[in-house]
Structures are given as structure tokens and as C-alpha cells.
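Everything numeric in this text was worked out from a predicted model, so none of it was measured. Because only heavy atoms are used, hydrogens play no part in the values below, and waters and symmetry mates are left out as well, while side chains stay in. Note on naming: letters A, B, ... go to the chains in the order of the sequence lines (proteins, then strands), and numbering restarts at 1 for each one.
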Amino acid sequence: MIRSRLVALLRSAIASLQAEGFLPEGLGAPVEVSEPANPEHGDFACNYALMVAKAAGKNPREIATRLAQALESAPELAAVEVAGPGFLNLRLSPSLVGAAVADVLERGEDFARLPAEQPKRMNVEFVSVNPNGPITIGSGRGAAFGSTLCNVLEAAGHTVHREYYINDGVNSEQMRLFAESVRSMCLGLPFPEKGYRGDYVSEVASKITPSGDESVGWFQARSQDLMLAKQREDLAAFGVWFDTWFSEQSLHDDGKVEAAIQALHANGSADDRPHRTKLKLGKKGVIEDVEIEAQPTDEDDAEGAGKTLWLRSTKYGDDQDRVLKRKDGRYTYIASDVAYHDDKFNRPPNADKLLTILGPDHHGYIGRLTAVVAALQRGKMEAPSSSFPLPDPESRIYADAAERDACQAALAEAKEKLEVVIFQLVRFLKDGQPAPMRKRDGNIYALIDLIQEIGKAAAPEADAAEQTRIGRDVARFFYLMRSHETHLDFDLDLAAKQSDDNPVYYVQYAHARICSLLEKAREAGFEASEFDESLLADRRETALVKKIADLPFEIQRSADDYGVHRIATYAVELARAYHHFYDGCRVIQPESPDLSRARLALCRATQVALRASFGLLGISAPERM
RNA sequence: GCGACCGUAGCUCAGUGGAUAGAGCGUCUGCCUCCGGAGCAGAAGGUCGAAGGUUCGAGUCCUUUCGGUCGCGCCA
């Protein structure tokens, strides 16, 4: 679009200066344009001359002046000026502005899709909560963020597989407790200590008709299926779906856990020697001390009890070794993770990147997960040949230099293949006070309740489906407005208000306004048609077109660093640019049909850009409000 | 102790190493005979937590430091 066109112009100007020997080859500085804060500095500015001045051994203003001369004849530019210490200020010609509008109209919402420079095949896992309760408002952020990130990555040209990991291991103590709570309600048994209370538990219990099988296992299977169905339904209402719902238990049933762990055993990443290594880490992960902890032998170990199986994760940057298999033979949660992360690379086939989106409480889990993937990688890599003894403290972690090098190479590879993205805490405010996600009566604040409360408060007269739509739009937008890596205050009172305080209505209003205007134009006899591309010269028109054309650029940036809140910010800025334009430029003017047609084209292009960004954000584009 | 995140307007937060740091809310003042006023224009409000450093240029990068939130299980 506009930026890429300008960069292309600049590149050819630079090439011509290099051809005539004014600039040396291979300066390496990126050619970029930025939008100056001050409109007097043009539509776009380029700092290339400043960047390369030192390397080229020339005065930056002199370089800028020569670049300006080389650009003078470009029809896309109305003016080129050298300013300040060596900026190049560019003004767009109306024809370039008009051509951008025509381009958007021709390509439709596909204008917001771009080819990736290095397309990746990515598995994105998000939400993945235990099936022992509904999706909470806390998980809502992960759901909104994860689903939007997937949309953005796809728009940026990557292949994305959306995945939900079901923590349904039959050995899970939390699931067992949940099942026992349901069972005691169904069968009228004494309630387990620390059991799950709350309406959602009795709701599950009420849906179960006893079969005669009174085992906890039977109840666990039934209640988790019901809970999972509820989660699926709530997420669907929130506009979130998955390509794969992956069952943890299936890994055990298929023998994949056993197989994966044997592989780790074989490549030296796991063993059953009775000790645990712990690292004392200083700043920047420097190993200050290594502690080898002898494993205590329990008096009451039953004869025949097995040995603890350890993942030697300290070889892969983790601060302590982790238990894979308990003495009693039960696998730990992390054991399933080993098999799971091996399996995940099949979705999409030959995936080259796993993205795992976790809440702030799982931050301590990154080192462990990375170690798991590194241990898996090691089995697939060539072992280095050289071998010599290591000095302390490394000698207490690795057998020799060959092993150390192999482990560190595997770790580096793992860090390339697995990326854990942590989103930060959400604090919910009601009446200016923090509203707890878990209530004292054992109930939790469910995402679906939030959606419906917002919908009801905003549109009391609307039907249930419409209220859900409104609640979903508002909630998603609130979650997505802020960077995922900063703490978020979610003002429940503000979300429930249907007023201009609420930014989601601001952006949707712009869309509804356009729809209404286009309808009016049709009545006045203006059909979608060709327009004169040179007529959009008002500063508000230029500003609006620039903003429309920025969407692919924002998608690119968001896909690069996962900062998808930019899309929400973008939508607000686009809506603002439209409202400014609308206020200052009357669109339908029967006495000026050519101008009217050009402005209608601009309105339609704005509509396309709004719809594309709403699609990424997972919110609706209402034609009336 | 270690780690992640945060510290920018009264509040909630944006901000690509660039020129005079922005928006929303809140406070004040205006704008519908006219395409949807859920809008627009304007005013007021700032030592970007602090100190060093890198650079032609730092809210942004590096080091240190002070505050705040959260996390560091043979739970999942």
C-alpha cells in the first residue's frame, strides 16, 4: 500500500545515488517511513539520511538533499522537502491517495492479508483450563487474546492451528476432587473435605442420572464431559473455537506417555537415580551453586515400590529436576507434557513453532516446558564427538563437555520451537472495588455471566441472542484494548454502560454511520461506480486514507511481537479519522456528483477496513445501532 | 532470594530510537433548519518513578536503584 510504495520509491532513489557513486553500497540501514507528529512535516518522513550519514562519511543534510532531487519527478509525491538535521518530508499526491482507495475497493477485506516473508506453520494453544468448572472471566483474557492472535497470524500469512489441551488425566487430583464432589451430591454422600461447591457443581450433578456404577471414575468421566461441553458452548458464545480439543488422557491410553518417557530415558534426559539436582541461580541465570539433594527414603515405602523417575531438567536450564513418575508408578502432569509436546508438532503437519499462551500464574512453568522440549530435541540431534571433563559447578550437572554442548544445543533449539506467551493479570472492578473471580460461596465469576450481564444492561429490550452479541463485543474489546503484557483493569460498570464512554460503540458507530450513509446515497441515485482518483485532497481525506492503508502494516507489527491490542487501537483511530472526515467533508452533494462519488468510494473503503479489523478482533459490524 | 510484568495528565492507558509526548474517562466552553449528536471543535491538565550510560537524537535501548502487582508444588 502507501508505505510500501514510498519505501520502493526511496529504495530506487538510494540505488541511483549508489550507481553514481555518491553513496557506498551495503549500508545496511533499513529504509522506513514514519508518520510525523507534526503535520507541517508532511504525510510521511524518512530518516534514512540520518541513519547512514556516519557510515557513508557524509553530511546527512547533503544526503537528504540528493535523495530529494532523485525523488522530484515521482508522480506519487506532491512535495519532497529536506528538514531539520536531515529528515526527508514527503507529501502524497492526490492521485496516490485515490489509487489507494481504489486498491482497497478492488481487493476487499483481502487487502488486510499479506504474504509472510518467512511463513511459519504454527500450533497455538490457548485457554486450556481444567474441565472442573466453567470458563472464568480471568480466562477470558487468554481466550480473547489467543483467538485474536490466531486471526492476526493468519492474516500475516502464517498457517495456524488452534488448539485446546484438555487436562483430563484420570490421575489428576483436582479432577478427582471435583468428581467426588459431584458424586456426593448425586448419591447423597458426605461432602469431601475441600470439595468443590458452587452452583456449577450442582448443575453438573443434576444432569447426571446414576447408572448403578458408583465409582469416582465413572463420575469423573461424566462430570468432565458435561463441564467440557459447557466450556465449549461458552467459548463459542465468546467467538472462540478450536481446530483440536486434545485430550491429555488419550496420550496415556495410546501409550504415548510411556514411549516418550522411554525415549528421554534412552537419550540421558531422564533416570531413576535417587537424587535431585537444584540450581541456585544468580542474576541473568548465572549458576551460582549446584546442590545435589539425596532423595529421602520413606519408612513406609511398600515393598515392591518402584523408583522415582526424574527429568534432569537442570541440564536444560530449569532450576531443579522434575519428577516424571512417582514411586507408586503414577505419572505426574509433566510426564503427559513430554508426550504432548512431541505430538503437537503434527498439528499442523510438520509444525515449526509451538505457541503456548498462559496466564500469569503459570509463569514459573516456562523453564520446565522449555526443558521438556529441549529433552525431546536432544534425541533428534547428532551428539558432539569431543569430550573432556568439566570444571565445577558444571561437572555436577553434566557428565562431560560433550553432554553439556549437546544439551545446550538442544535448549537453543527448544527456545526456537517453543514460545510461551504470558498474558498479565486482569483486575475486575465493580463500584470502584475489586470484584473477585472466585466468590466466597464457592461460586466463580463465569465468562458467560459477564457476557450476559453486559448484554442485559446495555440492551434490556433485546432478545437473548442480541444481548449475547453485545456482551461478547464489549467484553472482547475490553480485553483486547490493552497490551497482553500489562496488567488490565476491567471496569464492569463501564462495560455495562451503553454510552460514548464505551469505546466499542465508538468504533461500531462509525460502521453503522457508513452503512446508513451508503443507503442514503443509493436513494439519492449514487450507485457504487468509478470515481475520479484525483479528487481526494482534503487533509481529512488524506488522513483517513492513510489510516485505512495502515491496516496491513499494523497486522505485520502485531504478528511480529504478538501485540494484538494494536488492532483495537487501530480500530479506534480509524473510526476517529472517519468521524473527523464526516464532520468536515459533506459526502452527498447532488450539485457536485464527481466529488460525491469519490467520497462515497472513500466511505466504502473505510467500511472495508473497519470490517477487516472487526473480523480480527472477533466483534460484529452492526449496520444499525 | 530468583523471575515476569508495571510505573507516562486527577483516573484507565496508547506511544515504530526521531522534530512541539497522545487518547478515552472526569472537569470546563462551544457546534444539529443540514448525510445518524453513540458525533465534532476547543480549554485545562506532564520533571514520562529516580540516577547514570549508549547516540547526531532516549518515554523507547543498556546498567543501577526505588516503589507496586503476581509467580516460584512428587497440584494441574
Side-chain angles (χ1 to χ4, degrees), chain A residues 32-38 40-41 45 47 50-51 53-54 60 83-87 89 128-130 132 167 169 171-175 177 248 276 279-283 285 288 295 308-310 319-320 322-328 330-334 336-337 359-367 422-425 427 429 432 481-491 494 498-503 505-506 508-510 512-521 523-524 553 557 565-566 568-569 572-573 575-576 578-580 582-584 586-589 596 599-600 603 624-625:
Chain A
E32 288 169 341
V33 291
S34 62
E35 247 182 297
N38 185 342
E40 285 173 21
H41 297 149
N47 62 356
L50 286 161
M51 303 278 286
K54 187 170 277 182
F87 292 106
N89 292 339
S128 297
V129 299
N130 292 334
N132 60 2
N167 297 290
N171 286 331
S172 158
E173 291 180 21
Q174 290 176 19
M175 287 310 300
L177 192 57
E248 175 192 350
R276 160 182 244 165
L279 307 184
K280 188 163 165 50
L281 298 176
K283 296 278 177 197
E288 286 181 346
Q295 191 176 358
T308 303
L309 183 68
W310 296 92
D319 62 346
Q320 56 177 300
R322 307 288 168 174
V323 175
L324 285 168
K325 197 182 194 179
R326 304 173 178 102
K327 279 184 183 172
D328 61 12
R330 285 152 60 225
Y331 285 111
T332 61
Y333 182 74
I334 199 173
S336 339
D337 260 335
D361 47 335
H362 286 72
H363 157 258
Y365 200 57
I366 298 176
I422 302 284
F423 62 87
Q424 294 299 319
L425 208 76
R427 194 171 55 144
L429 298 174
M481 273 191 306
R482 308 299 182 211
S483 161
H484 65 280
E485 52 189 28
T486 97
H487 300 209
L488 167 68
D489 271 2
F490 194 123
D491 187 332
L494 178 58
Q498 184 171 27
S499 71
D500 53 340
D501 303 358
N502 198 325
Y505 299 126
Y506 181 84
Q508 290 182 324
Y509 178 70
R513 210 177 203 187
I514 291 170
C515 293
S516 160
L517 178 63
L518 293 178
E519 179 57 35
K520 199 131 243 166
E523 287 167 12
F553 175 70
R557 290 209 297 150
H565 66 288
R566 287 202 197 88
T569 305
V572 171
E573 289 171 356
R576 178 170 300 120
Y578 182 75
H579 289 310
H580 286 187
Y582 181 91
D583 187 64
R586 189 171 175 84
V587 177
I588 302 172
Q589 301 184 58
S596 297
R599 286 182 172 170
L600 282 166
C603 289
R624 271 181 294 279
M625 297 175 63

Asker: Select one nucleotide: of B:A76, B:U69, B:A14, the one nearest the side-chain heavy atoms of A:Ser483.
Answerer: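 So the side chain of A:Ser483 is nearest to B:A14.
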Asker: Where the side chain of A:Arg326 is concerned, which of B:A38, B:A76, B:A19 is the nearest nucleotide?
Answerer: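 Ranking B:A38, B:A76, B:A19 by closest atom to the A:Arg326 side chain puts B:A76 first.
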Asker: For A:Thr308 and A:Lys327, which heavy atoms make the closest approach, and how far apart are they?
Answerer: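 Heavy-atom minimum between the residues: OG1-CG, 3.4 Å.
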Asker: Within this structure, what is the CD-to-P distance between A:Glu288 and B:G1, rounded to whole angstrom?
Answerer: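 Atom CD in A:Glu288 sits about 12 Å away from atom P in B:G1.
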Asker: Would you say A:Arg513 places a side-chain N or O within less than 4.0 Å of OP1 or OP2 belonging to B:G37?
Answerer: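 Yes, such a contact exists.
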Asker: Among B:G15, B:G39, B:G37, which nucleotide has an atom closest to any side-chain atom of A:Asp583?
Answerer: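 Among the listed nucleotides, the one closest to the side chain of A:Asp583 is B:G39.
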Asker: If you go through the side-chain atoms of A:Asn38, does one of them form a donor-acceptor pair with the base of B:U20 closer than 3.5 Å?
Answerer: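 In this structure, the two groups form a donor-acceptor pair.
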Asker: Have a look at B:C32 and give me syn or anti from its glycosidic angle (syn if within 90° of zero).
Answerer: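 Chi for B:C32 falls in the syn range.
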Asker: Give A:Asp328 one of three labels, base, sugar-phosphate or nothing, depending on what nucleic acid heavy atoms sit under 4.0 Å from its own.
Answerer: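 No contact at all - A:Asp328 keeps every heavy atom at 4.0 Å or more from the nucleic acid.
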Asker: Can you identify which nucleotide, out of B:C74, B:G71, B:G39, has its nearest atom closest to the A:Tyr509 side chain?
Answerer: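 Per side-chain heavy atoms of A:Tyr509, the pick is B:G39.
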Asker: Select base, sugar-phosphate, or nothing to describe what A:Glu248 touches, counting heavy atoms under 4.0 Å on all strands.
Answerer: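 The answer is sugar-phosphate, as A:Glu248 gets under 4.0 Å only of primed atoms, P, OP1 or OP2.
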Asker: A:Ala521 near the nucleic acid: base, sugar-phosphate alone, or nothing, with a heavy-atom cut-off under 4.0 Å?
Answerer: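 It contacts nothing in the nucleic acid.
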Asker: Tell me, what's RNA chain B's dot-bracket, Watson-Crick or G-U with both distances under 3.5 Å, | for other-strand, [ ] crossing?
Answerer: (((((((..((((....[...)))).(((((.......))))).....(((((..]....))))))))))))....
Asker: Of the listed nucleotides (B:A76, B:C70, B:C35), which one gets closest to any side-chain atom of A:Ile588?
Answerer: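 The nucleotide sitting nearest to the side chain is B:C35.
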Asker: What are the atom names and distances for every N/O pair under 3.5 Å that joins the protein to nucleotides 3-8 of chain B?
Answerer:
unit_1, atom_1, unit_2, atom_2, d
B:G3, OP1, A:Lys284, N, 3.4
B:G3, O2', A:His363, NE2, 2.8
B:A4, O4', A:His363, NE2, 2.9
B:C5, O4', A:Gln424, NE2, 3.3
B:C5, O3', A:Glu485, O, 3.0
B:C5, O2', A:Glu485, O, 2.7
B:C5, O2, A:His487, NE2, 3.3

Asker: Could A:Arg513 and A:Tyr578 be counted as a cation-pi pair, given that NZ or CZ must be under 6.0 Å from the ring centre and within 45° of the axis?
Answerer: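 The answer is no; the distance or angle limit is not met.
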Asker: Does A:Leu429 reach the side chain of A:Phe490, with side-chain heavy atoms less than 4.5 Å apart?
Answerer: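 SC-SC contact between A:Leu429 and A:Phe490 ruled out.
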Asker: A:Ala512 near the nucleic acid: base, sugar-phosphate alone, or nothing, with a heavy-atom cut-off under 4.0 Å?
Answerer: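 Base, at least one base heavy atom under 4.0 Å.
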Asker: Could you tell me whether A:Glu523 atom CD has more than 12 heavy atoms of other residues or ligands within 6.0 Å of it?
Answerer: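 Count over threshold, so yes.
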Asker: Produce the list of close N/O pairs, under 3.5 Å, pairing protein atoms with atoms of nucleotides 53-59 of chain B; give distances to one decimal.
Answerer:
unit_1, atom_1, unit_2, atom_2, d
B:C56, OP1, A:Lys54, NZ, 2.3

Asker: Strictly below 4.0 Å: does A:Tyr506 bring a side-chain N or O up to OP1 or OP2 of B:C25?
Answerer: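 A:Tyr506 to B:C25 OP1/OP2: no side-chain N or O under 4.0 Å.
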Asker: Please tell me if A:Lys520 has a side-chain N or O lying less than 4.0 Å from either OP1 or OP2 of B:G36.
Answerer: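 Yes, because at least one side-chain N or O of A:Lys520 sits under 4.0 Å from OP1 or OP2 of B:G36.
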Asker: Any donor-acceptor pair under 3.5 Å between the side chain of A:Gln174 and the base of B:C75?
Answerer: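 Under the 3.5 Å cut-off, the side chain and the base do form a donor-acceptor pair.
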Asker: Quick check on RNA chain B: between A:His41 and A:Gln320, whose nearest nucleotide comes earlier from the 5' end?
Answerer: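 Whichever sits nearer the 5' end wins; that is A:His41.
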Asker: Give me the atom names and distance for the closest heavy-atom approach of A:Ile422 to A:His363.
Answerer: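 What the structure gives for the nearest pair is CD1-CA, 3.9 Å.
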Asker: Would you indicate what A:Arg599 reaches in the nucleic acid, counting non-hydrogen atoms under 4.0 angstrom: base, sugar-phosphate, or nothing?
Answerer: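 A:Arg599: no heavy atom of the nucleic acid under 4.0 Å.
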Asker: Measuring from the side chain of A:His580 (C-beta onward, heavy atoms only), which nucleotide among B:G36, B:A41, B:C34 has the closest atom?
Answerer: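 Comparing B:G36, B:A41, B:C34 against the side chain of A:His580, the answer is B:A41.
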Asker: Is the distance from OP1 or OP2 of B:U16 to the nearest side-chain N or O of A:Arg557 less than 4.0 Å?
Answerer: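 Looking at the OP1 and OP2 atoms of B:U16, one of them is under 4.0 Å from a side-chain N or O of A:Arg557.
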Asker: Nearest to the side chain of A:Trp310, heavy atoms from C-beta on, is which of B:C74, B:C34, B:G36?
Answerer: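 The nucleotide sitting nearest to the side chain is B:C74.
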Asker: Using the P atom on both, measure B:U20 against B:A58 and round to a whole Å.
Answerer: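 Nearest-Å result for B:U20 against B:A58 at atom P: 11 Å.
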Asker: Using a cut-off of less than 4.0 Å, is there contact between a side-chain N or O of A:Arg576 and OP1 or OP2 of B:G39?
Answerer: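 No.
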Asker: Which listed nucleotide (B:C70, B:G18, B:G36) is nearest to the side chain of A:Phe87?
Answerer: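 Closest of the options to the side chain of A:Phe87: B:G18.
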Asker: Considering only heavy atoms and no angle criterion, is a donor-acceptor pair shorter than 3.5 Å present between the side chain of A:Asn89 and the base of B:A19?
Answerer: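 Donor-acceptor pair under 3.5 Å: yes.
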Asker: Are A:Phe423 and A:Leu488 close enough, and set up right, to give a side-chain contact (heavy atoms from CB on, under 4.5 Å), and what steps lead you there?
Answerer: CA-CA 10 Å; A:Phe423 62 87; A:Leu488 167 68; over 6 Å; no
Asker: Between B:G10 and B:A19, how far apart are the two C1' atoms, rounded to whole Å?
Answerer: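 It works out to 30 Å between them.
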Asker: Consider the side chain of A:Ser172, meaning its heavy atoms from C-beta on, and name the nucleotide among B:C13, B:A76, B:C35 that approaches it most closely.
Answerer: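 My answer, after comparing the listed nucleotides, is B:A76.
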Asker: Identify the two heavy atoms, one from A:Leu50 and one from A:Pro60, that lie closest to each other, and give their separation to 0.1 Å.
Answerer: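 Where A:Leu50 meets A:Pro60 most closely, the heavy atoms are CD2-CB, 4.0 Å.
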